[in-house]
Amino acid sequence: MKEALQTNRRPRVGLFVTCLVDLFRPGVGFSTLRLLEDAGCDVSVPEGQSCCGQPAYNIGEKQGAAELARMTIGNFEKYDYVVAPSGSCAAMLKRHYPVLLKGDPAWELRAETFSRKVHELVSFLTDVMGVKSVDVKLKRRATYHDACSGLRELAISSQPRTLLATVKGLELVELNDAQACCGFGGTFSVNYGDLSNAILEKKVADVLDREPDLLIGGDLGCLMNIEGKLKRMGAQVEVRHVAEVLAGDVGQKLPQREG
Amino acid sequence: MKTRSSNFKANVAEALHDGQLQKALKNVPDGFVAKRAKARSKLPEFDALTLEARQIKAHTLEHLDLYLENFERQVIAQGGNVHWARSGVDACDIIGDICQSNDARIVAKSKSMVTEEIALNGHLERMGLEVVETDLGEYIIQIRGETPSHIIAPAIHLTKEQIVDDFRRVHNELETDRALESPETLVAEAREVLRAKFLAADVGITGANLLVAETGASVIVTNEGNADLVQTLPRVHIVVASIEKMVPTIEDATTILRVLARSATGQELSTYTTFTNGPRRAGDMDGPVETHVILLDNGRTELLASEFHEVLRCIRCGACMNHCPVYQAVGGHSYGWVYPGPIGAVLTPSHVGIEEAYHLPFASSFCGACEAVCPMGIPLPKLMRQWRNRAFKKELTSRGQAKLLKGWLWLAMRPRTYHRLTSWGMRAFSFALRRPALAKWLPLPADWTKHREFPVPDGMSFQARFKNGGHRLTHTRRHADKKGGR
Amino acid sequence: MSSTRTHARKLILGDIRSALKADGDDRARQFIVQKKLRGHARNLIPSRAMLPIDARQRLFQTMLETQLASVAHINNAEQIGDAVGSYLRSLNLEKVICTGSDKIFDAVDWEAAHIARKVGRATGDDPISLSHADVAAAETGTLFLLSSAANPTSLNFLPEHHIVVVRAVNISGSYEDAWEQIRKITGSDRQGGVQIPRTVNLISGPSRTGDIEQTIIMGAHGPRRLHVIVIDE
């Protein structure tokens, strides 16, 4: 599904870092940068970015979300592509910005045009840049969690598995229900904590049942949610973003606990 | 039905600690979910059929007035009566009058969610009528004095042991030492007890899965055959159906029937699918002498005019709740009203008001499984978000959180300030989180930390590092493995 | 009917029209609706419902047996008596049946088969009934039973054992073909009338329930057993 590029030059990509990567796991951002450059892109990190607006959007604050949308579009629309290492943020930009700005004559068309440039990281690598493999060695036993937004709004499922299959030595086992929600849901996890936990416990039981030492996924929100539970339980499973694995930034051994 | 939706959080806490309920709820993913997947895999045209079904309903809703008029003409031409009811109260009055004018004493019912919606049973019982639910699941909850917890399987929240206790308690004309432990004996006993009621009933009341405008038919699907006994044996048959149940032709009905059972229980077709057109014809040896169809509005016209109109495509299959992680965790009663699960989260606020029911659209992770399995393609998460918009405007949710959000938005709209503040802010936060003496002062959300460790940021933000040193990977990951938070 | 109730009709239709921003007298809309109602246009029909005759009849039987009905074959209508007798003997049941006045049973010598036949509707005391399905659909092993004196509806639901006779030639592939047959049989495809029988029962197996811990148990309220006799001639 490689999209034809308009010119012969390297595609110019605006990296939408996402607030969770920016604030909590900057390493994911650097892995993302390297993957995009290795794939042949000229990557910029515009300063005019902060949050995609999901928290506002999902709590019912449409106006605030729309303001962020306009700012983001304004700062990113000049690039050939806009790539985010997160299914939920990419879906927000791609699917929901046009919805938010529909009916606004100045922005409706700009949002549509912008939307066509937006991609989640891994599906961008495989479906647009035609990346078929990565040159990484990682001899570990891992399992993969399909984040809901990426899965259902952007049809991301086979792409990460395709690339992970080329990681030399990686034993990737499937969860019993990889597509089950982890219970994060953004504000849901802090407003309906018991419910969120009940759903999370099922996901974690599934993870532990498969006995990996590494859990991989494409969305930091989900990953930090699952990791938080694993840590509370004292479980020895490392949790890393798929960008870090594919960029070779994950250690060959399960990190030892300190203290 | 009295609502308990505003009590949602307490309902959830109760449900999570209910051992019997949790045991019973395991049947949802193991049963309906697995069976639907199997049925879908056995019919290659399944997805294409759902697209057609969606178009049929959309077209019908666009011309609903004309199809209703045609339906009415057909029913009357075949000797039936049609009544239009604006509200649930009106419908109850009409039905009560029909029962009264027929000197009815016993009313037999098949499962009908719309009659729950209008609280029909209570109305008839207050008039002195004996109302008997004949669907086994509905009968069980009737004798327990409960409401259905699922729109297809009303007693799904109960274990066999609970049902045995109920039968022993209520069927006291039977031998006390009779064997009653197996599902077979329970069903045999229900068959015996309810048979007498079928034969004695003066009035039979059914709902309708579909109404067919072309022929004036009401369509009912069951596996037990109880609805057929209800609509064949008594002298009077009343159909209660909300107006959006309409489809244009028999061919449209069959398309929807192809996806209904498969979506609901994973069956190819319900054991009994019946098209009924009115009272006895000349020469008929059985069947009701008098039939009535109650066309109920009760908020549908309002929905049709609103941003929620897509929800009117619902055919009440229950697939959404079967696949919902929230429903699977707490079952239907937590939602506090008639319709549970994702469809309940959208319908309940429209019936009882967003003030009473705002928790329901918020208590969702927006995983989207419901929309993915809905045979009518109803965008349930989008509709829930629309309710969230209304709740936010009415300031129904946490004011503290709204203020926090406002602050966050203010900052996010000023990226340079945002980057400066967060770079140092995250370093400080990370520092504090890693020291229990400091961490306990941090305002971490209790709903998170009750169950999970709070994520420890790696320190300087990406934006700050990128600005300072480009591509150097300077993360301090090893610090993150220390326990953080409270 | 009180004036508030006739008013309800006006209000509901009026509200629908303002919601749709539509005019009840709009000729174009009316035309679309009438065209749809008269056209009986078919939607997508699954390939499973369009099999050639042999495969279709095998599918019909397989679907019924999967649904826990039993299926037997005979060559002509005269053999119905023996087939029914054989079924009753196999289950040690008394040889009494309740049927309607369907003409297909005229050919049967009930005395020779030692079967006591009551003609009429079923009551709560009739253990066994016999019906004739005019039409069937192979796609899900579904029998279509039309209500009339020939086949009273109560026969389909009250007795514990329900036996249904169907001619192989009347087993359609799809529901749509079955309904087209019904329209022909009842004359409702002719100008003017829509006289579908009072009740059309689509029956795909014996009665069952899953209401106790999702365990499937047979014989909830309707027949515990469904036995289908296919006339192959």
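Below, chain A is the first sequence line, B the second, and so on; all start at residue 1.
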Practice task
Output every pair passing salt bridge (charged side-chain N to carboxylate O under 4.0 Å, His left out) with a member in residues 208-227 of chain C, not counting sequence neighbours, ordered by first then second residue.
Solution key: Glu160(C)-Arg224(C)

Handout entry: Sorted by number, residues from residues 58-70 of chain C in contact with chain B (heavy atoms, under 4.5 Å)
Key = Met63(C), Gln67(C)

Exercise for the section: Please check if the side chain of Gln214(C) supplies one atom and the backbone of Val28(B) the other of a donor-acceptor pair under 3.5 Å. Expected result: no

Handout entry: Partners meeting side chain to side chain donor-acceptor pair (under 3.5 Å) with Tyr139(B) (sequence neighbours left out)
Key = His171(B)

Problem - Spacing of CG belonging to Leu202(C) relative to OG1 belonging to Thr273(B), to within rounding of 0.5 Å - result: 5.5 Å

Problem - Any side-chain heavy-atom pair of Arg9(C) and Arg86(B) under 4.5 Å - result: no

Handout entry: His40(C) versus Glu214(B), side-chain donor and acceptor atoms under 3.5 Å
Key = yes

Exercise for the section: Please look at Ser101(C) and chain B and tell me whether the side chain, the backbone, both or neither of the residue comes under 4.5 angstrom of a heavy atom of that chain. Expected result: neither

Completion exercise
Greatest number of non-hydrogen atom pairs under 4.5 angstrom with chain B, of Gly14(C), Gly39(C), Pro206(C), falls to Pro206(C)

Handout entry: Pairs meeting criterion salt bridge (charged side-chain N to carboxylate O under 4.0 Å, His left out) with involvement of residues 247-256 of chain B, two or more places apart
Key = Glu251(B)-Arg183(C), Asp252(B)-Lys36(C)

Handout entry: For Arg198(C), the option from Asn277(B), Thr291(B), Asp284(B), Thr276(B) that meets side chain to side chain donor-acceptor pair (under 3.5 Å)
Key = Asp284(B)

Practice task
For each of Asn156(C), Leu143(C), Leu145(C), Leu158(C), tally heavy-atom pairs with chain B at distances under 4.5 Å, and name the one with the top tally.
Solution key: Leu158(C)

Practice task
Just do the ring pair (Phe, Tyr, Trp, His ring centres under 6.0 Å) check on Phe157(C) and Tyr272(B) with the steps written out, would you?
Solution key: CA-CA 10 Å; Phe157(C) 297 100; Tyr272(B) 301 106; 5.2 Å; yes

